[in-house]
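Okay, so here's the structure we're looking at.
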Amino acid sequence: MPENQELPSRYDVKEVEDRIYALWEDSGYFNPDICVEKNATSSEAEPFSIVLPPPNVTGTLHIGHAFEDTLQDAMIRFERMRGKRTLWVPGTDHAAIATQAKVEKILWDTEHKSRHDLGREEFLRRVEQFAKESQSTIIRQVKRLGTSMDWSRECYTFDEKRNQAVREAFKRLYDLGLIYRGARIVNWDPKLQTTISDDEIEWREETVPLYYLRYGPFQIATARPETKFGDKYVVMHPEDKRYEQYKHGEKFELEWINGPVVATVIKDPVVDMAFGTGVMTITPWHDAVDFDLSERYKLEKEQIIDLQGRLLPIAGEFAGMKIAEARPKIVEKLKTKGLLPKIEEKYVHRIAVNSRGGGVVEPQILEQWFVNVNKKFRLEHSELDGIASGQETTLKEILRQTVASDQIKMMPERFRKTYFHWIDNLRDWCISRQLWFGHRIPVWYCKARSEERGARSDNPIVSIEDVSSCPSCGGPVEQDPDTLDTWFSSGLWTFTTLGWPFLSQLSGPDSKTWDLKIYGEDIFRALVNGTKRIETRAGKAESSDKYWGDFKPGDVIDFRLADEATDTILSPERKVSKVVKNVQHFPTLKEMFAAYSATHDYPGKTTEQIEDWWRKRPALHDRIQKYGIWVFELADPDLAAYHPTSLMAPGYELIFFWVARMILFAGSLLGQVPFRTVCFHGIVRDKQGKKFSKSAGNGIDPLELSDKYGADALRMSLIVGAAPGNDVKFDESKVRGYRNFTTKIWNASRFVLMNKPTRTDADKERGLTQMTDDWQPRSEARQARLKELADIRQEITAHMEKYELHLASEKAYHYFWHTFADKIIEENKAALRGDDMAEKIEAYYTLETILRGALKLLHPFVPFITEEVWQILARNHAEYTRNDADGRRPMLMAEKW
RNA sequence: GCGCGCUUAGCUCAGUUGGUUAGAGCGCUGCUUUUACACAGCAGGGGUCGGGGGUUCGAAUCCCUCAGCGCGCACCA
């Protein structure tokens with residue numbers, strides 16, 4: 001076999017990238033457990049984890065995803081190479097409302113049917129089918145970019161485990177009093193027939209006439225006369241001199257649209273004295289501000305518009321009409337009645353539109369489920385800075401404190417301000433949706449009781465498990481028909497992907513529960529010995545190791561009896577893996593006592609002492625009587641190891657949807673932050689600065705670009721110069737530019753390889769043999785070049801640590817092209833062509849050493865080509881090549897940075 | 001209305017805590033087809049860093065102010 005193997009002169013992007021990705025997947029290195037197994041990562045290594053903000057199953061991969069994935073992949077690859085235990089969890093999002101709307105549209109377009117024509121069950125089957133197809137497309141696309149996600153841990157926001165988690169979360173928050181059912185004003189979309197959250201509203205400006213109506217002695221302004229039928233409160237500022245003579249609570253009669261009404265004067269500072277006449281009437285049923293006001297003064301509320309957007313009987317002759325139809329007619333009537341003294345034609349008004357492709361939002365008072373963001377509750381376990389375990393807090397406080405304390409770092413920092421401002425304006429979050437597709441609300445109602453009271457809102461049965469009959473009367477029940485806001489499950493994403501709750505994994509009749517029994521024994525023994533320490537046991541190593549993650553046989557762990565509902569077990573790193581659920585029947589303490597006191601020795605204790613110990617703990621007796629079983633809900637080892645995650649990298653438009661909700665749930669349910677750093681990226685825009693979208697027709701397919709120029713080139717073009725949080729203008733010429741760069745990498749590497757000197761036996765005898773890892777050139781100039789590489793590595797490392805990928809990538813780029821290729825190669829050409837074998841070898845080794853170093857620095861950004869070159873180097877240069885345990889060559893992706 | 005961001009080479013954008021001749025990609029000009037690479041090399045042109053004021057030995061960078069553009073939030077009926 002020849003000592004040199006040249007690289008082919010042409011770099012076949014598609015062939016190489018597909019082959020290399022398969023090689024990576026095959027190696028298992030995407031999975032940190034396998035990295036540890038194969039010795040690429042130390043089992044003691046610090047973890048670094050990212051949970052992918054999952055793409056919607058509604059669509060295909062777009063350039064924004066490519067951007068986001070590239071940033072994360074670069075970080076993951078960097079940290080993996082640095083030796084961290086690196087986990088990147090992939091997944092997809094069911095995106096309830098968006099997906100349902102999409103499938104409904106397809107259904108209408110292709111079969112001219114509505115979802116009601118199919119029925120709930122069949123419709124949901126169609127949605128799932130659509131989601132599944134879309135999912136596999138997205139995954140294929142994501143892989144094409146070279147993302148090093150651990151596919152063995154792939155999740156879906158609507159799979160069974162996530163459903164378990166959603167139920168669990170709902171129940172726990174309900175039990176804490178943080179979820180309640182109530183009649184409050186919500187955003188109702190008459191088109192999609194569902195509520196939506198405040199954050200899903202898109203405001204559109206409209207120029208409409210502003211009508212001044214005569215309301216008794218006052219003039220009031222409105223852009224929506226159709227809502228005014230029921231107005232019986234007239235509000236003004238308490239300090240408004242113009243209306244001094246009117247007193248709060250004063251009543252008077254006036255002629256109104258459909259006849260005389262009695263109005264009451266309300267004085268409140270919400271009124272802007274400078275606007276219009278400084279007087280307004282209110283419509284509490286269809287306006288959030290008016291609703292708040294009427295709550296404050298306990299005013300009557302009346303519905304004017306129904307859920308289909310039609311006027312109700314209160315509108316008299318206009319009843320049954322749609323708003324658009326009724327408005328001109330109402331205006332006409334007002335005119336003829338002389339109640340319309342003035343019209344201001346050009347008034348800029350903003351209407352609320354459902355941003356998920358819905359209709360014009362009409363606020364309505366409806367009975368819905370809400371998350372109370374202001375209610376105080378006890379946070380049992382807290383790892384949050386500034387909130388102690390057992391302390392009272394609120395969800396808002398958790399949202400604020402975790403970021404204010406810098407426990408969560410935001411990049412760029414300016415988003416903190418946006419975030420805090422959002423918190424200040426945050427109202428209770430309506431989480432129920434009248435959609436079919438989504439996590440079903442885990443609440444049941446007793447049918448008999450509902451009928452008796454004419455409403456099902458009272459006495460909800462909130463349960464993690466399905467409920468088949470009423471626990472009190474045994475009669476039939478019905479499940480709440482609503483589904484949960486998709487952002488509810490999103491908020492649980494960071495930790496449910498890592499294995500919360502453990503409960504669902506324990507219920508099966510398999511060996512997992514056996515471990516617990518063993519631990520129960522140990523716990524018992526510890527209790528008897530009056531210690532909090534438990535030594536885990538050998539003999540159950542395989543399985544206990546698996547489910548306890550950090551715990552190894554012989555590890556000492558802390559155990560604490562907290563209260564009847566919670567026992568806590570701390571791992572050696574003091575990560576909590578805790579808690580309690582009725583899962584597995586345990587022998588009672590008493591039985592254990594009987595069974596084990598005879599056979600096990602409790603050092604330093606006699607049987608009498610143990611019996612005495614037992615007698616002295618009546619509380620424990622109670623507890624055993626009461627429960628009779630011992631149950632542990634254990635944290636998944638992934639959760640203990642990888643949560644809080646290290647980094648979250650969403651687009652800044654998701655700050656409220658993903659980021660805030662994740663903080664809220666991880667804080668309240670785990671007492672942890674969901675991530676340590678959130679690094680926002682901008683939106684990828686086209687040359688004109690427009691967002692890429694299918695409807696705008698400027699769509700650009702990242703896969704097409706990858707096929708044409710290589711995923712490496714695409715990645716590079718997205719990452720260089722894209723400062724965190726800033727939008728990127730993107731066009732193909734940029735990709736072409738970085739394709740040229742990959743060609744440069746290829747050619748420079750080729751040059752190095754084709755100049756490997758062929759040593760004769762005589763050369764070897766003269767000591768001109770093989771280089772080693774600590775090889776150093778004698779030439780000072782070459783030593784300086786190696787030093788320079790080390791310096792660059794340090795600079796790039798520093799940038800990466802600060803998530804300044806745009807700077808790191810540019811530096812690596814510049815170094816490779818303009819230092820290595822342009823200068824260093826040129827400097828060494830003469831030596832390579834000369835006759836001095838020693839000089840030749842030194843020149844070559846210098847180049848190869850620097851090439852290897854540079855490939856490492858580039859690998860996070862252009863993983864394919866660097867890996868390909870590395871593989872060829874390894875194939876030909878045995879002196880550098882170590883093999884894995886299984887005899888395979890190591891990969892650049894798992895090399896030491 | 002409140003808040004945030006942007007304004008740097010013809011175009012798109014970097015510029016980390018203020019510190020030597022302000023950088024990159026694309027584009028432009030000239031030369032070069034020299035056995036890694038024309039998807040290239042070498043050489044070059046091009047910026048009073050939006051305007052004005054201030055702090056400083058020193059400002060693209062910090063402060064004030066003005067202008068243009070963009071975005072987020074908000075209870076102006």
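Since the model is a prediction, treat every value here as computed from it, not as a measurement.
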Less than 3.5 Å apart, any donor N or O on the side chain of Asn740(A) or Tyr709(A) sitting next to an acceptor on the other? no
Hey, does Arg350(A) reach any base, or is it just sugar-phosphate, or nothing, if we go heavy atoms under 4.0 Å? base
Span that lies between the P atom of C63(B) and that of C4(B), in whole angstrom: 12 Å
May I ask you to decide if the ring planes of Trp658(A) and Trp487(A) are parallel, tilted or perpendicular, using 30° and 60° as cut-offs? perpendicular
Using atom P in both nucleotides, what's the gap between G44(B) and G23(B) to the nearest angstrom? 14 Å
Would you mind classifying the nucleic acid contact of Gly710(A) as base, sugar-phosphate or nothing, using non-hydrogen atoms under 4.0 angstrom? nothing
Please name the pair of heavy atoms, one in Lys232(A) and one in Tyr215(A), separated by the smallest distance, quoted to 0.1 Å. CA-OH, 3.4 Å
Expressed as a whole number of Å, how far does the P atom of G27(B) sit from that of G53(B)? 39 Å
Please give, in whole Å, the distance from C71(B) C1' to Asp727(A) CG? 9 Å
Given G23(B), G15(B), A36(B), which nucleotide is nearest the side-chain atoms of Ala723(A)? G15(B)
Taking C42(B) as the reference, what is the distance to A59(B) when you measure between their C1' atoms (whole Å, please)? 35 Å
5′-ward residue of the pair Ile201(A)/Met273(A) relative to RNA chain B: Ile201(A)
Across the strands shown, which category fits Ala223(A) at heavy-atom distances under 4.0 angstrom: base, sugar-phosphate, nothing? nothing
G3(B) -> Watson-Crick or G-U wobble partner, both distances under 3.5 Å, gives C71(B)
Which nucleotide in G72(B), G25(B), A14(B) has an atom nearest any side-chain atom of Thr418(A): G72(B)
Taking any heavy-atom pair under 4.0 Å as a contact, classify Glu653(A): base, sugar-phosphate, or nothing. nothing
Could you tell me how far U20(B) sits from C13(B) if I compare only their C1' atoms? Round to whole Å. 25 Å
Please compare Thr743(A) and Val289(A) by the position of their nearest nucleotide in RNA chain B and report the one closer to 5'. Thr743(A)
What I want to check is whether the side chains of Asp268(A) and Tyr297(A) have a donor and an acceptor closer together than 3.5 Å. yes
Taking only the side-chain heavy atoms of His818(A) (C-beta and beyond), determine which of G25(B), A14(B), A36(B) contains the nearest atom. G25(B)
Closest to the Glu804(A) side chain: U16(B), U12(B), A36(B)? U16(B)
Side chain of Asn425(A) - closest among A74(B), G41(B), A14(B): A74(B)
Polar side-chain contact Lys829(A)-A36(B) base: donor and acceptor under 3.5 Å: yes
Integer-rounded Å distance: U12(B) P and Leu718(A) CG: 18 Å
Nearest whole Å is fine: how far is C26(B) P from Asp731(A) CG? 11 Å
Which of these nucleotides, C73(B), G15(B), G41(B), is closest to any side-chain atom of His806(A)? G15(B)
Please give me the minimum heavy-atom distance between Pro341(A) and Gln219(A), naming the atom from each residue. CG-NE2, 3.6 Å
Take atom P in G50(B) and the same atom in U7(B), then report the distance between them in whole Å. 7 Å
Asn740(A) side-chain proximity, nearest of A14(B), A40(B), A36(B): A40(B)
Rounded P spacing from C57(B) to C76(B) in Å: 49 Å
His814(A) side chain: which of C75(B), U16(B), A24(B) is closest? A24(B)
hbond_proxy Lys729(A) side chain to C13(B) base (donor-acceptor, 3.5 Å cutoff): no
On the side chain of Arg736(A), is there an atom forming a donor-acceptor pair with the base of C39(B) - under 3.5 Å, no angle test? no
For the side chain of Lys417(A), starting at C-beta, report the closest nucleotide among U16(B), C42(B), G3(B). G3(B)
Using the C1' atoms only, state how far G25(B) lies from A14(B), rounded to an integer number of Å. 10 Å
Derivation of the ring pair (Phe, Tyr, Trp, His ring centres under 6.0 Å) call for Phe370(A) and Trp429(A): CA-CA 5 Å; Phe370(A) 293 88; Trp429(A) 167 26; over 10 Å; no
For Ala263(A), does its backbone N or O pair with a side-chain atom of Trp256(A) as donor and acceptor, under 3.5 Å? no
Using the side-chain heavy atoms of Asn747(A), tell me which of these nucleotides is nearest: A14(B), C37(B), G25(B). C37(B)
Once you round it to whole Å, what is the distance between P of G41(B) and NZ of Lys823(A)? 11 Å
